[in-house]
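Proteins get letters first, then strands, A, B, ... in listed order; numbering begins at 1 in each. Side chains included, hydrogens not; waters and symmetry mates left out as well; all remaining heavy atoms used.
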Amino acid sequence: MLDIKFIRDNKDLVQMGAKKKHIDFDVEELLKVDDKRRELISEIEKKRAEQNETSDKIVRISDPVEKSEMISKMQALKSELQKEEEELKTVMHDWQSLMVRVPNIPDMSVPEGNSDEDNKEISTWGEIPKFDFTPKSHMELMENLNMLSLERGTKVAGFRGYFLTGDGARLQFALWQFVNDYFLKKGDWFPMIVPSLVRREAFMGTGYLPQGEEDLFKTQDGEFLSGTAEVSLMGYHMDEILDKKDLPKKFIGFSPAFRREIGAHGKDTKGILRVHEFYKFEQVVLCEASHTESVKFHEEIQANTEGIMQALGLPYHVVINCAGDLGLGQVKKYDIEAWLPSENKYRETGSASYFHDFQTRRLNIRYRDDDGKMKFVHSLNNTALSGRPLIMIVENYQNADGSIRIPDVLQQYMNGQKIISKK
RNA sequence: GGAGGGUUGGCAGAGUGGUCUAAUGCGCCGCACUCGAAACGCGGUUGGGAGCAAUCCCUCACAGGUUCAAAUCCUGUACCCUCCGCCA
């Protein structure tokens, strides 16, 4: 959500931002509603002031005739007030539903474009592996090595269900432990295991709702299953006033992640590239309300994730998302995509975004700045480790005989094991 | 799942229709005192909104309702606590 005052003062900028993101939003329509809102508020406040003043007099006055005159005058005022309040309620409803749809303005450095096809590569790392044999898919490799059971996965869980078994489970645990240690060694990251079953507010606050409800699993009690720990991590300080001296806050959260993948029924149906549930480490940063700070931490969380990919020896590239591929609240986003040999292309393993105060305004997370003013903190997030790097490791580290070399940094978490091969 | 109790400012806690502009205490900030400090004393201390300003409006979990007037009465919702039941 943007500040209405900011929108009023910068309506052209906001309109251009929406256009750049290819989001259909009419700023003028919002401003018209806002004019009505402000007019009604000022009317209502005038009447309330009169009501308050007269109420004071009613208490003090002793003459019963004068008193009942005042009361009937107030009765009349009340019915007028009620009419206006009713009108305001309608206007507020329209106003709010427009306000939550105002897109945040993309950064200058964000390229124009319509979809992910227009994203621009900005860096690459690592050597794309050359095989002197036809590389197998992670599905084939893992099932052969008893690391994965898709058949039983679908039997038990249905479409996109899977079991990680044996060395598949061990390798996944090794990855988690590696990532946990990676942030532990950095020292200033606060680890959390967070809820995935989350109420509506945090989804509204992070910008996943109200639009996009069909992407979420929902319980019969009205909670949603979150697709990322970001939702809970951002909700953690909801409605709080933080101490400036505690900023920045750097959270590394771990949680199951649920994705309904409702618009992707025919996509990536082989293997476990696209699944309904997986586990994920997510970085979230809350920092001072400064663009410079946001940019600084955006680069930092991006470097963290690249550091993990490099330690794992996974070739990847980074793309900057074009404006049309940005979410409502995002100012700028990098996607990190690792090489997937079986598809002969890069596939996304995570994305790093910053939002300025778009999320924290909705979540009401503030701090008092040195000038004495309350400000909304800035928020950022980035995947640290999704479920996909496991797949990338299996495919990139495969040998001709179908065995899989274990990346050096993971061996200590696999009891020294160096290779996964058929037993 | 059942029964009961609760939710008030940074914290504790009083207030059960009108002077609540929310007592009191603690904490915090300032002033005074002091060589300096503690104690004592005095003053201040929720957040948001409208307006050029004076000023005004809202805010006692949230949403409705009753009333000329609601922290206070009624209804619903959320959360917390206690006990019972169930359960890892």
**Item:** P atoms of B:C40 and B:C79, separation to the nearest Å
**Value:** 43 Å
**Item:** C1' spacing across the pair B:G85 / B:G2, given as an integer number of angstrom
**Value:** 8 Å
**4.5 Å side-chain heavy-atom contact, A:Leu148 and A:Val394** = no
**Prompt:** Should the pair A:Asp34-A:Arg37 be classified as a salt bridge under the 4.0 Å nitrogen-to-oxygen rule?
**Reply:** yes
**Request:** Identify, with sequence neighbours excluded, every residue that meets side chain to side chain contact (heavy atoms under 4.5 Å, CB included) alongside A:Ser290.
**Result:** A:Thr292, A:Glu293
**Item:** N-O pairing of A:Glu50 and A:Lys47 below 4.0 Å
**Value:** no
**Request:** Find the distance A:Glu39:CD to B:C57:C1' and express it as a whole number of Å.
**Result:** 17 Å
**Ion pair check, A:Asp26 and A:Arg101, cut-off under 4.0 Å** = no
**Complete:** Of A:Asp369, A:Asp357, A:Thr360, the one forming a side chain to side chain donor-acceptor pair (under 3.5 Å) with A:Lys375 is A:Asp369
**Request:** Take atom CD of A:Glu69 and atom P of B:C68, then tell me their distance rounded to the nearest Å.
**Result:** 16 Å
**Request:** For residues 272-287 of chain A, pull every pair meeting salt bridge (Lys or Arg N to Asp or Glu O under 4.0 Å), keeping only residues two or more places apart or in separate chains.
**Result:** A:Glu261-A:Arg274, A:Asp268-A:Arg274, A:Lys280-A:Glu282
**Request:** Rounded to whole angstrom, note down the C1' distance from B:A22 over to B:G17.
**Result:** 15 Å
Do any N or O atoms of the protein come closer than 3.5 Å to N or O atoms of nucleotides 49-56 of chain B, and which pairs are they?
unit_1: B:G49; atom_1: N2; unit_2: A:Glu45; atom_2: OE1; d: 3.1
unit_1: B:G51; atom_1: OP1; unit_2: A:Arg38; atom_2: NH1; d: 3.4

**Message:** Using modelled atom types and a 3.5 Å cut-off, is there a donor and acceptor pairing between side-chain atoms of A:Lys11 and backbone atoms of A:Glu28?
**Reply:** no
**Message:** Quick one: does any side-chain atom of A:Ser353 pair with a main-chain N or O of A:Lys333 as donor and acceptor, under 3.5 Å?
**Reply:** no
**Fill in**
Whole-Å distance, A:Glu240 CD to B:C11 P, equals 11 Å
**Request:** Nearest whole angstrom, please: distance from the C1' of B:G48 to the CD1 of A:Ile241.
**Result:** 11 Å
**Asked** Hey, are A:Asn304 and A:Asn382 close enough side-chain-wise for a donor-acceptor pair under 3.5 Å?
**Response** no
**Asked** Atom CG of A:Asn364 to atom P of B:U59: distance rounded to whole Å?
**Response** 17 Å
**Message:** Check for me whether the distance between the ring centres of A:His378 and A:Phe297 falls short of 6.0 Å.
**Reply:** no
**Prompt:** If we take the P atom in both B:G65 and B:G27, what is their distance in whole Å?
**Reply:** 43 Å
**Message:** Quick one, A:Lys218 and A:Glu213 - any side-chain contact, counting heavy atoms below 4.5 Å?
**Reply:** yes
Please tabulate, one pair per line, each protein N/O and nucleotide N/O from nucleotides 77-81 of chain B that are separated by under 3.5 Å, including the distance.
unit_1: B:A78; atom_1: O3'; unit_2: A:Arg199; atom_2: NH1; d: 3.0
unit_1: B:A78; atom_1: O2'; unit_2: A:Arg199; atom_2: NH1; d: 3.1

**Request:** To the nearest Å, give me how far apart CD1 (A:Ile365) and C1' (B:G48) are.
**Result:** 17 Å
**Prompt:** For atom P, what is the distance between B:C81 and B:G13, given to the nearest Å?
**Reply:** 15 Å
**Asked** Using atom P of each nucleotide, how far apart are B:A78 and B:A71 to the nearest Å?
**Response** 24 Å
**Request:** Answer yes or no on whether A:Lys332 is positioned over the face of A:Tyr334, meaning its NZ or CZ is under 6.0 Å from the six-membered ring centre and within 45° of the axis.
**Result:** no
**Asked** If only side-chain N and O atoms of A:Gln51 are considered, is one of them under 4.0 Å from the OP1 or OP2 phosphate oxygen of B:A69?
**Response** yes
**Request:** Choose from B:C68, B:G47, B:G18 the nucleotide whose nearest atom is closest to any side-chain atom of A:Ile71.
**Result:** B:C68
**Complete:** The residue, A:Glu50 or A:Asp56, whose nearest nucleotide of RNA chain B is more 5′ is A:Asp56
**Asked** Checking A:Glu143 side chain against A:Leu150 main chain: does a donor-acceptor pair fall under 3.5 Å?
**Response** yes
**RNA chain B contacts made by residues 76-105 of chain A, counting heavy atoms under 4.0 Å** = A:Lys78
**Complete:** Taken to the nearest whole Å, CG/A:Leu40 to C1'/B:C57 is 14 Å
**Consecutive-pair stems (at least three Watson-Crick or G-U pairs, under 3.5 Å) that include RNA chain B** = B:1-7 with B:78-84, B:10-12 with B:24-26, B:27-31 with B:41-45, B:47-50 with B:55-58, B:61-65 with B:73-77
**Message:** Go nucleotide by nucleotide along RNA chain B from the 5' end; which of A:Ile44 and A:Ile58 gets its closest nucleotide reached first?
**Reply:** A:Ile44
**Asked** Which value, in whole Å, describes the distance between the P atoms of nucleotides B:C35 and B:C20?
**Response** 42 Å
**Flag for A:Ser109-A:Asp107: side-chain donor and acceptor within less than 3.5 Å** = yes
**Prompt:** Using the P atom in both, what is the distance from B:G6 to B:C74, to the nearest Å?
**Reply:** 12 Å
**Request:** For A:Met70, report the nucleic acid contact type (base, sugar-phosphate, nothing); a contact means any heavy atom under 4.0 Å.
**Result:** nothing
